[in-house]
Protein chains: 2
Amino acid sequence: MADHNKRGDTIIRKLRENGHKITPQRLAIVKILAVSDGHPSVEDIYEQIRTDFPTMSLATVYRNILLLKSLGEVLELGFPDGSNRYDGNKPVPHPHVICIRCKKIVDPVLDSLDEMKKEVALETDFKILNHRLDFFGICSSCMAENK
Amino acid sequence: MADHNKRGDTIIRKLRENGHKITPQRLAIVKILAVSDGHPSVEDIYEQIRTDFPTMSLATVYRNILLLKSLGEVLELGFPDGSNRYDGNKPVPHPHVICIRCKKIVDPVLDSLDEMKKEVALETDFKILNHRLDFFGICSSCMAENK
DNA sequence: ATGTTAAGTGATATTTATTATCATTTAATA
DNA sequence: TATTAAATGATAATAAATATCACTTAACAT
């Protein structure tokens, strides 16, 4: 196939380096996560793969996500409603903007983030290691549908 | 008692306005949440009250938090590890700084927040309704203990 | 004060998401 | 091709939150 999935290759390499086998199921999961523009949920991934692998187990999806998280190759996005979605494309903490209507997730580029991190460290005297910035709202296309 | 709990009174008033009864259990829960410098969990609240009300049910804590959330008088803080903690003192979205060692939560005042909100709206074309900003790190006292 | 009633509570069952278990299968290496 | 540790599939177990239901009680009217 002519789909050179660079990010997927990186993940596969990382798995190999750490002595993990590359099974067809694992490959399918990685492939989806590496593209993951849509920040899929476990169920999303499961359903997507099940059309090709009817024998795929949900546990395998969970197991592989756990593994990929531990390797730092997938970022878990936990939402206030308790649902989790995953980003294997850019597995580093970064801001998200989520549409509460269509559930679309956008990754904004925020110049003010660096400044804010400095401000937090200065004000609280914490050593900041990690962060989670989510903005919830309604995207322009959902707004347009509200005639 | 000379503890004039202004915030607690506000919550009680809101409950009355909406036709809810003020039971001793409910009062105890509100009292803890209104002070809530420590951003307690459901279990925290349950354990605290159980010393005085040995008959208190965990379900009652959940029920009352649900009610207070629906009235906008309590803010639920959901964390990446799946745990939830509650803020009845300032039930409006605001940034938190969490120590991953001692679990302390600090509310920083961030001047750069307004600027960031503007930047997000401008860049993504979303109508921003809500946000969640959490910074994770190690507080100064925990740092000091690491001789 | 007392009785009435809808709301609240306690105890427990149910649900849902995730993790653990274990027999079987398979990828990787020799 | 054989060997073996790791992975999988099916299912059980766990944990957090919610639902159920009989019983109790706060609030209101009398």
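Side chains included, hydrogens not; waters and symmetry mates left out as well; all remaining heavy atoms used.
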Quiz prompt | N or O in side chain of B:Asn84 less than 4.0 angstrom from D:dA17 OP1/OP2 | solution = yes
Quiz prompt | Heavy-atom donor-acceptor pair, A:Ser83 side chain to A:Phe79 backbone, under 3.5 Å | solution = no
Practice problem: Classify the side-chain pair B:Thr10/B:Arg7 by whether it contains a donor and acceptor separated by less than 3.5 Å. | Solution: no
Quiz prompt | Residue pair A:Arg132 / A:Asp134: nearest heavy atoms and the distance that separates them | solution = CG-OD2, 3.8 Å
Exercise. Starting from the 5' end of DNA chain C, give me the residue, A:Val42 or B:Gly19, whose nearest nucleotide shows up first.
Key: B:Gly19
Exercise. Rounded off to whole Å, could you give me the CD1-to-P distance for the A:Ile29 and D:dG9 pair?
Key: 9 Å
Exercise. For the pair A:Arg85 (side chain) and A:His39 (backbone), establish whether a donor and an acceptor sit closer than 3.5 Å, ignoring hydrogens and angles.
Key: yes
Exercise. Classify every nucleotide of nucleotides 23-30 of chain D by which part a protein heavy atom approaches to under 4.0 Å, writing B for the base, S for the sugar-phosphate alone and - for neither, in 5'-to-3' order.
Key: --BBS---
Quiz item: Mind checking whether A:Ile49 and A:Ile65 sit in one hydrophobic cluster, side chains of I, L, V, M, F, W, Y counted as touching below 4.5 Å?
Solution: yes
Quiz item: For A:Met116 and B:Leu113, which heavy atoms make the closest approach, and how far apart are they?
Solution: CE-CA, 3.6 Å
Exercise. Five pairs at each end of the helix from C:dA1-D:dT30 to C:dA30-D:dT1: take the axis at both ends and give me the angle between them to 10°.
Key: 30°
Exercise. Taking all heavy atoms of B:Phe126 and all of A:Cys99, pick out the closest pair and write down the distance.
Key: CE2-N, 3.4 Å
Self-check item: Modelled atom types, side-chain donor and acceptor of A:Thr60 and A:Gln25, under 3.5 Å
Solution: no
Quiz prompt | Which atom of B:Lys104 lies closest to which atom of B:Ser141, heavy atoms considered | solution = NZ-OG, 3.5 Å
Practice problem: Would you grab the first and last nucleotide of DNA chain C (5' to 3') that comes under 4.0 Å of any non-hydrogen atom in chain A? | Solution: C:dA17 to C:dA28
Practice problem: Answer yes if the side chains of A:Glu119 and B:Ser112 hold a donor-acceptor pair under 3.5 Å, and no otherwise. | Solution: yes
Exercise. For B:Glu47, check side chain to side chain donor-acceptor pair (under 3.5 Å) against everything at least two apart and list the hits.
Key: none
Quiz prompt | For the student: nearest non-hydrogen atoms of A:Val109 and B:Glu123, plus distance | solution = O-OE1, 2.5 Å
Quiz prompt | DNA chain C contacts made by residues 52-76 of chain A, counting heavy atoms under 4.0 Å | solution = A:Ala59, A:Tyr62, A:Arg63, A:Leu66
Which side-chain N or O atoms in residues 14-24 of chain B pair as donor and acceptor under 3.5 Å with protein atoms at least two apart or in another chain?
from	atom 1	to	atom 2	distance (Å)
B:Lys14	NZ	B:Leu71	O	3.2
B:Lys14	NZ	B:Glu73	OE2	2.8
B:Thr23	OG1	B:Arg26	N	3.0

